[in-house]
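Because only heavy atoms are used, hydrogens play no part in the values below, and waters and symmetry mates are left out as well, while side chains stay in. Positions are given from 1 along the sequence.
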Amino acid sequence: VQLQASGGGLVQPGGSLRLSCRVSGITVDKYVVGWFRRAPGKEREGVSCISSSGRTHYEGSVEDRFTISRDNAKNSVYLEMNGLKFEDTAVYYCATDPAMFGINDCQAMMGLFTSWGQGTQVTVSS
C-alpha cells in the first residue's frame with residue numbers, strides 16, 4: 001500500500017486549503033482512510049477518517065471546519081480545510097491499513113493505521 005499526500009502550503013488565518021491523498025494498493029471505497037497531523041513539538045493526532053460505507057468522523061477541534069471526501073475513480077481521499085487557525089499548522093499525513101476492509105466505524109480505528117504517506121506541510125500564518 002502506498003499513499004501520497006499533497007496540497008499543503010502557506011495560508012493566512014481564516015483561509016482554506018484542500019489536501020489530497022492518492023492511494024495505491026487498495027481501493028479507497030473498500031477500506032478506511034484517515035488524516036492525521038503532527039504539530040511542531042507535539043504528538044501526532046487524528047484529524048478525520050472515512051469508512052468504506054462513507055461514514056465520516058472528525059476530531060472535535062476540526063469539526064464544522066474540515067470535510068473529508070473521496071473520489072473512487074481517482075482512488076483518492078481529500079481533506080477540505082476551511083477557517084484555518086494558527087493551531088492547524090502541522091504536517092498532515094494520510095493513512096490506511098490493509099486489515100481495515102469493510103470497516104464502517106473508522107473512529108474506532110484511528111489508533112491502528114499502519115500504512116502512512118509522506119506528509120504535506122500546512123502553515124497558517126499572517
So how far is it from [X] [atom1] to [Y] [atom2], rounded to the nearest 0.5 Å?
| X | Y | atom1 | atom2 | result |
| --- | --- | --- | --- | --- |
| S115 | L3 | OG | CG | 6.5 Å |
| E63 | H57 | CD | NE2 | 8.0 Å |
| W35 | Y92 | CH2 | OH | 10.0 Å |
| I50 | T56 | CD1 | OG1 | 6.5 Å |

Kindly give the heavy-atom pair with the smallest separation between [X] and [Y], and that separation in Å.
| X | Y | answer |
| --- | --- | --- |
| R70 | V28 | NH1-O, 3.4 Å |
| I103 | M109 | CG2-CG, 3.7 Å |
| M81 | L19 | CE-CG, 3.7 Å |

*Compare all side-chain heavy atoms of F66 with those of D88 and state whether any distance is below 4.5 angstrom.*
yes
_According to side chain to side chain donor-acceptor pair (under 3.5 Å), does anything in residues 16-26 pair up with another residue at least two apart or in another chain? List the pairs._
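Side chain to side chain donor-acceptor pair (under 3.5 Å) check on residues 16-26 returns S16-N82.
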*Give a yes or no on this: more than 12 heavy atoms of other residues, nucleotides or ligands lie within 6.0 Å of atom CD of Q2.*
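Atom CD in Q2 is not crowded, with 12 or fewer foreign heavy atoms closer than 6.0 Å.
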Would you please name every residue forming a side chain to side chain contact (heavy atoms under 4.5 Å, CB included) with [X], sequence neighbours left out?
| X | result |
| --- | --- |
| S48 | Y58, I68, L79 |
| I26 | V1, V23, Y31, T96 |
| R55 | S51, S53, N104, D105 |
| T114 | D97, P98 |

*Could you list the residues that satisfy salt bridge (Lys or Arg N to Asp or Glu O under 4.0 Å) with R44, not counting sequence neighbours?*
none
*asked:* Which residues pass the salt bridge (Lys or Arg N to Asp or Glu O under 4.0 Å) test with E87, not counting sequence neighbours?
replied: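 Testing E87 for salt bridge (Lys or Arg N to Asp or Glu O under 4.0 Å), a comparison that skips the adjacent residues, returns none.
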*Between the side chain of D71 and the main-chain N/O of K74, is any donor-acceptor distance below 3.5 Å?*
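Checking the backbone N and O of K74 against the side chain of D71, a donor-acceptor pair under 3.5 Å is found.
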*Within the distance-only criterion (no hydrogens, no angle test), does the side chain of R38 pair as donor or acceptor with the backbone N or O of E43 below 3.5 angstrom?*
no
_Contact list for residues 35-66, test disulfide bond (SG atoms under 2.5 Å apart), sequence neighbours left out_ = C49-C106
_According to disulfide bond (SG atoms under 2.5 Å apart), does anything in residues 66-101 pair up with another residue at least two apart or in another chain? List the pairs._
C21-C94
*Give a yes or no on whether V62 and L17 share a hydrophobic cluster (residues Ile, Leu, Val, Met, Phe, Trp, Tyr; joining criterion: side-chain heavy atoms under 4.5 Å apart).*
yes
*asked:* Under 4.5 Å between side-chain heavy atoms, counting indirect links through other Ile/Leu/Val/Met/Phe/Trp/Tyr residues: same cluster for M110 and L112 or not?
replied: yes
*Should N75 and T27 be marked as a side chain to side chain contact (heavy atoms under 4.5 Å, CB included) after you check the CA-CA gap, both sets of side-chain angles, and the distance that decides it?*
CA-CA 6 Å; N75 212 42; T27 52; 4.0 Å; yes
*Listed partners of F36 passing ring pair (Phe, Tyr, Trp, His ring centres under 6.0 Å), at least two apart*: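 Residues passing ring pair (Phe, Tyr, Trp, His ring centres under 6.0 Å) with F36: F113, W116.
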_Looking at R37 and E45, is there a salt bridge between them, counting it only when a charged N and a carboxylate O are closer than 4.0 Å?_
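Between R37 and E45 there is a salt bridge, with a charged N closer than 4.0 Å to a carboxylate O.
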*Taking only residues at least two apart or on different chains, which pairs with a member in residues 68-89 satisfy ring pair (Phe, Tyr, Trp, His ring centres under 6.0 Å)?*
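The answer is none; no pair qualifies.
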*Quick one: list whatever passes side-chain hydrogen bond (donor to acceptor under 3.5 Å, both in side chains) with T123, sequence neighbours left out.*
Q121
